[in-house]
Structure formats: structure tokens, C-alpha cells
Amino acid sequence: MNKTIESKLQNLNIEKRAFIDGIYVDSIEGKTITKLSSVDGRDISGLSACTELDINKAVDAAMRSYQDGQWRKMSLKDKKNIFYKFANLIQQNLEELALLDTIETGRSYKNYFFDSIPKAIEAIRWFAESVDKIYDHAISTSYTSSATIIREPLGVVGIITPWNDPLVVALWKLSPALLMGNSVVLKPAEQSSFSILKVAQLALEAGIPKGVFNVVPGYGTEAGKALALHNDVRGIFFTGSSLVGKQILQYSGLSNMKKVGLECGGKSPFIVTKNYSNFQKTSEVLAKNIFYNQGQICSAPSRLLIDNTIKAKFLELLLLESGKYTPKNPLDLESEVGAVVSFKQKERIEAYIQSGIESGAKIITNTTKKTPVDGGAYIQPIIFDDVHLDSLIAQDEIFGPVLVVLGFDTIEQAIEIANHSKYGLAASIWTNDFNEAHYVSRALESGIVHINSYGDDDYTVPFGGVKESGLGKDKSIYAFDEYSNLKTIWMNFEIVRNDT
Ligand code: NAD
């Protein structure tokens, strides 16, 4: 392991308490979370396990800040300047934030430093640049009346995030929510709270008034549930599993019918037809997207659908590419792929692998490699062939480095297999036939379709799924709609001059 990184890690002062009303505070009941880092099993316990009492305190603080209006009524120009400063402060603390995320989630430091956290910073800048480019509407309904349609903040908004890309997902939601004038209480995943707790302090330093952005760590079933059930919270925006997403919908119905946004799981199909010529490129793109971050990406293409006539040749190339994603110590600077997030997640993935073997599917990758760090939680890339369409490995989101291969004979069959899933997040079709590309991309039940590519990413484009992959959109101008309500104001005019 890199000694400099290790000594920087040792010198970090990790904040593990909630951030409420502009200060760090212990949880009211004083409970903490015990956990070991998946990097090497070191003890990283001590994160506050907040409960309903802390959530109530944070919502009260958020409500006070919303009602005093200092942030809500601030001009867009001033909000933007604060946001640029906020982005700069995160940039200045990039190394520390990357270390915090690595030690908590096991994902590689290099990923966080060069890819993930820069994308989170970009989100802040992109939304700040965009917020004054969207206009409200005025409609001349008649000669003597008109109506304006304006966006208004929801009020106090709750955000619940997962662990797989901690700051990116948080800032995709936080940026449009704050810029629309809401006050926010964010409940990060219990596996990954250190970096966002640090970011909360940076937001205050940048000029976001106290109480406007609060972070309350803790378990989902306690702190997350209390936030989603709170009657003063007017919107709850969640990224995580579909199972919990469905509970969030129920909490809204059981409380105040708060607005709900859900970004949930996926089992995304990657369809390779015989009409595509560059299989080398295709295999590189597939291996990168399924095995990056040990497969813990919601939109990872975890199902390869391949024309049976090219399957053998394609799998040969894919096996070579997969070897490049063997996990290594995430604290080594050249390491691309680190550990899975936790020992529990490792057990969960291994149970799926076992179920695949029992269902008759065959592993075609080399699984005998040694673990890169003793005491850590690592899984070698797995590719299953001879997969039964209705088996668990073909239907469930494993959220690990596991790819299933499903052959097809006709393009109709490929579409049928692709849509035979409760999920609909992302998909891809590889073909040089323009008509086939159009036909398949329209037929796929998916929020995002890539033609001859995968994982294209830009803030101008909305991200989100259909079916049990979720409701609503992150990113792009459309994200502002999620965190605001439209209000119609009618204006009627009396004609005062007789000559008109
Ligand atoms: P998870 O659903 O277990 O937890 C997500 C968050 O919800 C955590 O903060 C957790 O504490 C909280 N939570 C858990 N139970 C809760 C409850 N009863 N009430 C309120 N909150 C509760 O998901 P995870 O394991 O942290 O993340 C992995 C999942 O996230 C995968 O399914 C993945 O596909 C999904 N994800 C989706 C996207 C997307 O944009 N579509 C992005 C990243 C991750």
C-alpha cells in the first residue's frame, strides 16, 4: 500500500456526528454505528446512529430557515455565487473527500479523485449556471386577463442517498433542490456518510445559511423512515434499491402525500447483434461498465444479450477484457477497481453466485485469484453462461461484478428478453443497421438507451428509469421540476378608459 496515502488517512479528523442548524452535534440518544472498512477490515466505527428525535430536530431547523426566507428569497445571482464558492471549496478538499469515501466504501481512491468527486463538483457548477436560464411563463388568456405560471420551492425537502457513489448522487439532488429555494435534510447511507458530513460544513463556509442544509446519518429503518414519514417534509427524493423505493412511496401515502422522486435499481441489457463490426470495442465498453466499481453501479449492463451466431467469438474477447478489472487495493494510486462496499454486501453477492451455480449456469471467468488485501472484501469478475432466463441471477439486481449471458436468434427475441425484467433503467443496442437501431431503441422499456455505446454521461441529459427503476429524473433542466411546484397566478384587469 502507498505509505503517503496511509499516513494521510491516519491524520484525518473524521467527522461522524450529524450536522444540524450549522453545527455538528451528537445524536440525541447517543447511539453509534459499528463497522469495519471493506478495504482491509480496519475499524471505522463511531458514526452517529440518529433516530426520529434527531430527524425532528433537523426538520425544525430546516423549517425555521425556510420560513425566515434568507436563502429562499435570495437572488439567483447571489445563490449562484455561493454555489461557485461551494464547488471551489469541495475542489480544494478533493483529496480528503476521496480518502473518506475510499475508506468507507472500498471503491478505488483513483476513481473518487479523478472521476466520481469531480462529477459531483461539476453538478454544483452545472446547476448553478443553469438556474437563471429557465424562465417562468405568462399567458395572455384574454384581452383583460392573463396568467403567470411560476415555480415555487416545495419547502423542507428530504433526500435519502445510497453508498455506491456518495457525493455524486447527493449533489445531483441537493444542487437543484437548494437552487430552487428549498431547505434540505439529507440522510446518507450508513455505509457512506463521512464525505457528505464534511461537505455540509463546506456549504456553510460558502455562504449557504445555517439550517438550510442539514445532514443526519443513521440507519434507513430509523432515520430514513422518520424523514420520509415527517409531516413537515414536502418532498422526499430517494436513490437506492427498488424494495426501499416502494416503502418510500408508502410513507408518503401514510403521512402528508409528499412529492416523491425515486431512482432505484436496474438489470440493464446490453444487446450485441451480428450487424455490428467492432467487437473489440464492444467488449471493452461492456467489461468497463459492468466491472467498474465491482459492478456496484445502478445502470451497470448486467445482462449481455448476444446473437447466438457470434457468441463464442465475442465471449473470447470479453474474457480478455474482464481480466483488466481484477480488484486491487483501493488505496494504491494505480488501482482502478477496489473492494465491494461491505462484508455483508460480499456475502449477498456470493449467495447470488451460489444460486447461479445451483440453477445450472456455468462460470466462465477465472475465480481462483488471490484476494488483493487480507481482511478485505473483494470479488473477482464473474461471467455466467448457460443462464436460465427466469433464474435469480438473470432477474435480480445483484449489485456486484456479475454478468449473465443470454443468447438470442432473432432481434424480436432479444427485445422480448430485454423487456422481461421488472427494471427499466438503461439499455444498449450494438448494430450498424440504422433501422434496427431505431426499432430496438423504441421497443425497449428503458429510461435510457445507448446506440453503439454505453454509460454516456452529460449534465444536459436526464437520468432515470421506468418500471421499478423509479419515478422522476435526476440531472438536466428537468431536475428543477422535481424540486418545485408550479403555481398559477391569474390576473384580471378592468378596462378604465371608455375609448378602448
Ligand atoms: P438501499 O435501498 O438499501 O438504501 C438506500 C438508502 O435508503 C440508504 O440511505 C438507506 O439507509 C435508506 N433506507 C433503507 N431502508 C429505509 C427505509 N425503510 N426507509 C427510509 N430509508 C431507508 O440501497 P443501497 O444498498 O444503499 O444502494 C444500492 C441500491 O441503490 C441499488 O439498488 C442501486 O441500483 C440503487 N441506485 C440507484 C441509482 C439510480 O440513479 N437509479 C443510483 C445509485 C444506486
Side-chain angles (χ1 to χ4, degrees), residues 33 35 47 49-52 55 104-105 107 116 119-120 123 158-173 185-193 196 215-230 233 236-252 254-255 258 260-268 292-302 340-342 344-346 348-349 352 396-400 421-426 446-448 455 457 462-476 479 482:
I33 294 176
K35 55 182 183 173
L47 177 71
C50 294
T51 63
E52 187 181 353
I55 289 289
E104 243 192 331
T105 67
R107 181 170 173 173
S116 173
K119 276 188 190 149
I159 294 177
I160 301 179
T161 54
W163 44 261
N164 66 321
D165 217 342
L167 290 182
V168 169
V169 175
L171 286 157
W172 278 2
K173 294 181 188 302
V185 176
L186 186 149
K187 206 299 283 176
E190 51 274 33
Q191 298 87 344
S192 62
S193 302
I196 192 71
V215 180
V216 185
Y219 291 110
T221 44
E222 292 197 34
K225 182 176 174 184
L227 182 61
L229 277 170
H230 203 296
V233 172
I236 187 85
F237 297 90
F238 166 85
T239 295
S241 60
S242 302
L243 189 72
V244 178
K246 288 182 186 181
Q247 288 172 338
I248 301 285
L249 274 174
Q250 290 177 16
Y251 298 149
S252 169
L254 287 170
S255 54
K258 54 180 67 69
V260 176
L262 303 173
E263 291 291 352
C264 298
K267 189 78 179 175
S268 300
Y292 188 79
N293 193 19
Q294 290 256 279
Q296 301 168 120
I297 304 272
C298 52
S299 54
S302 49
V340 295
V341 69
S342 63
K344 194 170 158 206
Q345 179 72 357
K346 182 170 189 262
R348 189 178 162 273
I349 297 168
Y352 271 114
D396 282 13
E397 181 188 47
I398 299 175
F399 223 53
S421 167
K422 62 184 175 191
Y423 297 109
L425 186 51
S446 178
I448 303 156
D457 187 25
F463 183 90
V466 297
K467 294 158 80 177
E468 293 188 22
S469 289
L471 299 171
K473 299 291 173 195
D474 276 326
K475 300 169 80 180
S476 85
E482 306 285 329

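None of the values given here were measured: they were computed from a predicted structure. Note that ligands are numbered from 1 as they come in the structure, with each ligand's atoms numbered from 1 the same way.
Nearest protein neighbour of atom 31 (C) of ligand 1, counting heavy atoms only, is E397 OE1, 3.3 Å. For atom 13 (N) of ligand 1, the closest heavy atom belonging to the protein is G220 CA, 3.3 Å. The single protein non-hydrogen atom nearest to atom 25 (O) of ligand 1 is W163 NE1, 2.8 Å, given as residue, atom name and distance. Looking from atom 3 (O) of ligand 1 to the surrounding protein, the closest heavy atom is S241 OG, 4.0 Å. Nearest protein heavy-atom neighbour of atom 42 (C) of ligand 1: C298 SG, 3.0 Å. The protein non-hydrogen atom at the shortest distance from atom 28 (C) of ligand 1 is F399 CE2, 3.5 Å. Of all protein heavy atoms, the one closest to atom 27 (O) of ligand 1 is P162 CB, 3.4 Å.
For the pair C264 and ligand 1, the shortest N or O to N or O distance falls below 3.5 Å. Where the criterion is an N or O separation shorter than 3.5 Å, residue side chain and backbone included, E190 meets it with respect to ligand 1. Considering backbone and side-chain atoms together, T161 places an N or O closer than 3.5 Å to an N or O of ligand 1. Annotation: N164 places no N or O atom under 3.5 Å from an N or O atom of ligand 1; distance criterion only. At under 3.5 Å, a nitrogen or oxygen of Q247, whether backbone or side chain, sits near a nitrogen or oxygen of ligand 1. Considering both main-chain and side-chain atoms, Q191 never comes within under 3.5 Å of ligand 1 through any nitrogen or oxygen pair. Ligand 1 has no N or O atom lying under 3.5 Å from any N or O atom of T239, backbone or side chain. Between K187 and ligand 1, a contact under 3.5 Å exists for at least one N or O pair. Polar contact check, Y251 against ligand 1: a nitrogen or oxygen pair lies under 3.5 Å apart.
Between F399 and W163, the ring planes are perpendicular. Angles over 60° get that label, and only those under 30° would be called parallel.
Remark: C264 SG to F238 CZ distance equals 5.5 Å, nearest 0.5 Å. Distance check: I297 CD1 to Y292 OH gives 6.5 Å after rounding to the nearest 0.5 Å. The CD1 atom of I248 sits 9.0 Å away from atom OG of S241, with the distance rounded to the nearest 0.5 Å. The NZ atom of K35 sits 9.5 Å away from the OG atom of S342 when rounded to the nearest 0.5 Å.
Of all atoms in ligand 1, numbered sequentially from 1 with element shown, those under 4.0 Å from a heavy atom of G265 are 32 (O), 34 (O). Short contacts between ligand 1 and G224, defined as distances under 4.0 Å to a heavy atom of the residue, involve ligand atoms 19 (N), 20 (C), 21 (N). Short contacts between ligand 1 and F238, defined as distances under 4.0 Å to a heavy atom of the residue, involve ligand atoms 2 (O), 5 (C), 6 (C), 7 (O). Close contacts between ligand 1 and F463 involve ligand atoms 39 (C), 40 (O) [criterion: under 4.0 Å to a heavy atom]. Atom numbering of ligand 1 starts at 1 in the shown order; those under 4.0 Å from a heavy atom of L425 are 41 (N).
At least one side-chain heavy atom of V185 sits under 4.5 Å from a side-chain heavy atom of V216. Looking only at side-chain heavy atoms (C-beta outward), V341 and N164 stay at 4.5 Å or farther from each other. Two residues are said to be in side-chain contact when any heavy atoms from C-beta on lie closer than 4.5 Å; Q296 and V340 meet this criterion.
For NZ of K225, the number of neighbouring non-hydrogen atoms (other residues, nucleotides, ligands) closer than 6.0 Å is 12 at most. By the 6.0 Å contact criterion, CD on Q247 is enclosed, its count of non-hydrogen atoms from other residues, nucleotides or ligands being greater than 12.
A salt bridge is defined here as a Lys NZ or Arg NE, NH1 or NH2 lying under 4.0 Å from an Asp or Glu carboxylate O, and E468 with K246 meets this definition. Ion pairing of D457 with K475 is present here, as a side-chain N (NZ or NE/NH1/NH2) and a carboxylate O approach within less than 4.0 Å. Classification of D474 and K173 as a salt-bridged pair holds, one side-chain N sitting under 4.0 Å from a carboxylate O. Between E104 and R107 there is no salt bridge, since none of the side-chain N atoms of the basic residue sits less than 4.0 Å from a carboxylate O of the acidic one.
Heavy-atom distances between P188 and ligand 1 reach below 4.0 Å in at least one pair. In this structure, I248 is part of the shell of residues with a heavy atom less than 4.0 angstrom from ligand 1.
A donor-acceptor pair shorter than 3.5 Å can be found between the side chains of K258 and S255.
For atom 34 (O) of ligand 1, the nearest protein heavy atom is under 4.0 Å away.
Contacts with ligand 1 closer than 4.0 Å are made by no heavy atom of L227, backbone or side chain.
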